[in-house]
Amino acid sequence: MSALPRRAVLGGAAVLALPWLCGCAAEAAPRRDVSTLVGAIASEQDLVASYEAARAANASLARRVDPVLAHHREHLAVLRRHYVPGSGDRADEGGAIPSPRAIRLPEGSAQVLAALRKAEERAAVARREDAGKAGPGLSQLLASIGACEAGHSGTVRPPTPYDAPKSDVQALQTALAAEHAAVYGYGVLGARLRGTLRQTAAAVWDAHRVQRDRLISILSVRPVAAAPAYRLPVKATSARAAAQLAAALEDALVPAYVGLAGASSPDLRVLASGSAQNAMARAARWRMNAGAPAPSAAFPGLPSSALSPRPRPGE
């Protein structure tokens, strides 16, 4: 029986290393990535300003918004760390970082929170698109930030219909192993749910089977096989435990897809970023059903070694 820890998946084959486990530190952004970074920094500045405005306007929201605001401040600090604009005649390359702009907040606590969730959703979509524009190293960071934002919004979007080239085999196999485990786990937990939650679990189970088959179709080598069974991190002995297990299964997918976001193909990076976002959004919804707290990580699926850029020679 294979084990399914919260941050890794052991399938029917040896664990497949992610790019950052192979000695790859985060690269300082190449010049072509500067404009993408400027957009991401501006987006995070706006989110920080929006949450600060919401908190100032309604102090009762502090408990709800402070953990999310802390995430965005972390995002902003790390993105600025990667920002290396041009110099001399190229000083304006990528454009200047604009001043922060808070969203227009409606009246009422519930309406404010809904507006903030919509802002998170828009930011997550933008980070998914950015993952296809940026180089592989920066793409992983942007995919992780987008996944965090998707978790905040709780929004699951349909998979992006990209036909990725048959490359980046190791990271694809890791993602496939995670999908095998998710398919198995949802098959187990569904029996403990009833009504709408059972229907939701069945729909997600189908979605993971489709994603599994999609990854298999992309691979140009023999796909990693599913294990006969997996040792699950939560025993699905009740409806609440089943929801906790579903959240854990989705959590385990995030590092696999953030790793895949470092692929050489832009289309594959977009696919990976969107898949990481879907996993985080589903995990957030399952946690709500289980009455479990939100995760504390501002950069889900990304190791601390990938948060600092590695300077290029001569800089």
Side-chain angles (χ1 to χ4, degrees), residues 1-13 15 124 147 150-161 172-219 223-258 260 271-272 274-295 297 300-301:
M1 181 178 290
S2 293
L4 174 63
R6 287 184 180 272
R7 296 189 64 81
V9 176
L10 305 182
V15 177
H152 294 161
S153 70
T155 301
V156 177
R157 287 179 165 266
T160 308
L172 276 166
Q173 293 276 42
T174 301
L176 176 58
E179 289 292 350
H180 281 318
V183 169
Y184 175 88
Y186 272 94
V188 171
L189 67 87
R192 293 294 180 181
L193 299 173
R194 295 290 181 271
T196 302
L197 285 181
R198 185 165 188 170
Q199 293 173 1
T200 298
V204 176
W205 181 59
D206 285 337
H208 283 301
R209 291 195 299 164
V210 169
Q211 184 78 338
R212 174 201 62 192
D213 295 344
R214 185 179 185 189
L215 294 175
I216 289 173
S217 72
I218 293 171
L219 279 163
V224 61
Y230 293 83
R231 187 168 63 251
L232 300 173
V234 179
K235 291 184 178 180
T237 55
S238 65
R240 182 171 182 271
Q244 291 174 326
L245 173 56
L249 293 169
E250 299 293 346
D251 283 341
L253 287 160
V254 176
Y257 281 118
V258 171
L260 185 58
L271 168 66
S275 298
Q277 290 183 16
N278 285 346
M280 279 298 297
R282 287 173 179 145
R285 290 186 172 186
W286 284 119
R287 282 193 183 86
M288 288 179 62
N289 286 311

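By convention here, the first residue in the shown sequence is residue 1.
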task = Would you check if the side chain of R287 reaches a backbone N or O of A294 as a donor-acceptor pair within less than 3.5 Å?
result =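 Not a single qualifying donor-acceptor pair exists.
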
ask   = Side chain of W286, backbone of L245: donor and acceptor closer than 3.5 Å?
value =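 No, the answer is negative, given that no donor and acceptor are paired below the 3.5 Å cut-off.
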
request  = Would you sort out whether L189 and Y184 count as a side-chain contact (heavy atoms from CB on, under 4.5 Å), showing the intermediate values?
outcome  = CA-CA 9 Å; L189 67 87; Y184 175 88; over 6 Å; no

message = Suppose we screen for ring pair (Phe, Tyr, Trp, His ring centres under 6.0 Å). Which residues come up paired with H208, at least two apart in sequence or across chains?
response =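 Residues passing ring pair (Phe, Tyr, Trp, His ring centres under 6.0 Å) with H208: Y186.
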
inquiry  = Checking R209 now: which residues fulfil salt bridge (Lys or Arg N to Asp or Glu O under 4.0 Å) with it, not counting sequence neighbours?
reply    =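 Scan of R209 (salt bridge (Lys or Arg N to Asp or Glu O under 4.0 Å), adjacent residues dropped) gives D206.
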
Between [X] and [Y], which heavy-atom pair has the shortest distance, and what is it?
| X | Y | result |
| --- | --- | --- |
| A243 | A290 | CB-CB, 3.8 Å |
| A147 | A276 | CB-O, 3.8 Å |
| A279 | V254 | CB-CG2, 3.9 Å |
| A283 | E250 | CB-CB, 3.8 Å |
| A177 | Y230 | O-OH, 4.4 Å |
| L193 | A201 | CD1-CB, 3.8 Å |

request  = Check the side chains of E179 and Y257 for a donor-acceptor pair under 3.5 angstrom, ignoring hydrogens and angles.
outcome  =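 Distance-only check passes for Y257 and E179.
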
query = How long is the gap from CD on Q211 to CG on D213, to the nearest 0.5 Å?
reply =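 If we round to the nearest 0.5 Å, Q211:CD and D213:CG are 9.5 Å apart.
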
Pairwise distance CG(L271) to CG(L172) - rounded to 0.5 angstrom =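 Reported value, rounded in 0.5 Å steps: 8.0 Å.
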
key: H152: partners by side chain to side chain donor-acceptor pair (under 3.5 Å), with sequence neighbours left out   =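 Residues passing side chain to side chain donor-acceptor pair (under 3.5 Å) with H152: H71, E120.
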
Side chain to side chain donor-acceptor pair (under 3.5 Å) involving S153 - partner list, sequence neighbours excluded =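 Side chain to side chain donor-acceptor pair (under 3.5 Å) check on S153 returns T155.
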
task = Only pairs at least two apart or in different chains count here, so list each salt bridge (Lys or Arg N to Asp or Glu O under 4.0 Å) that has a residue in residues 180-203.
result =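 Qualifying pairs: none.
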
ask   = Which of these passes side chain to side chain contact (heavy atoms under 4.5 Å, CB included) with Q244: N289, L249, V234?
value =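 For Q244, the side chain to side chain contact (heavy atoms under 4.5 Å, CB included) test succeeds with only one of N289, L249, V234, which is V234.
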
query = Is any side-chain N of the basic residue among R282 and D251 closer than 4.0 Å to the acidic one's carboxylate O?
reply =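 No salt bridge links R282 with D251.
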
query = Is there a side-chain contact (heavy atoms from CB on, under 4.5 Å) between M280 and Q277 once you walk through the steps?
reply = CA-CA 5 Å; M280 279 298 297; Q277 290 183 16; 5.9 Å; no

inquiry  = Test of understanding: with side-chain contact (heavy atoms from CB on, under 4.5 Å), list the residues that count as partners of T237, not counting sequence neighbours.
reply    =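 Residues passing side-chain contact (heavy atoms from CB on, under 4.5 Å) with T237: K235, A241.
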
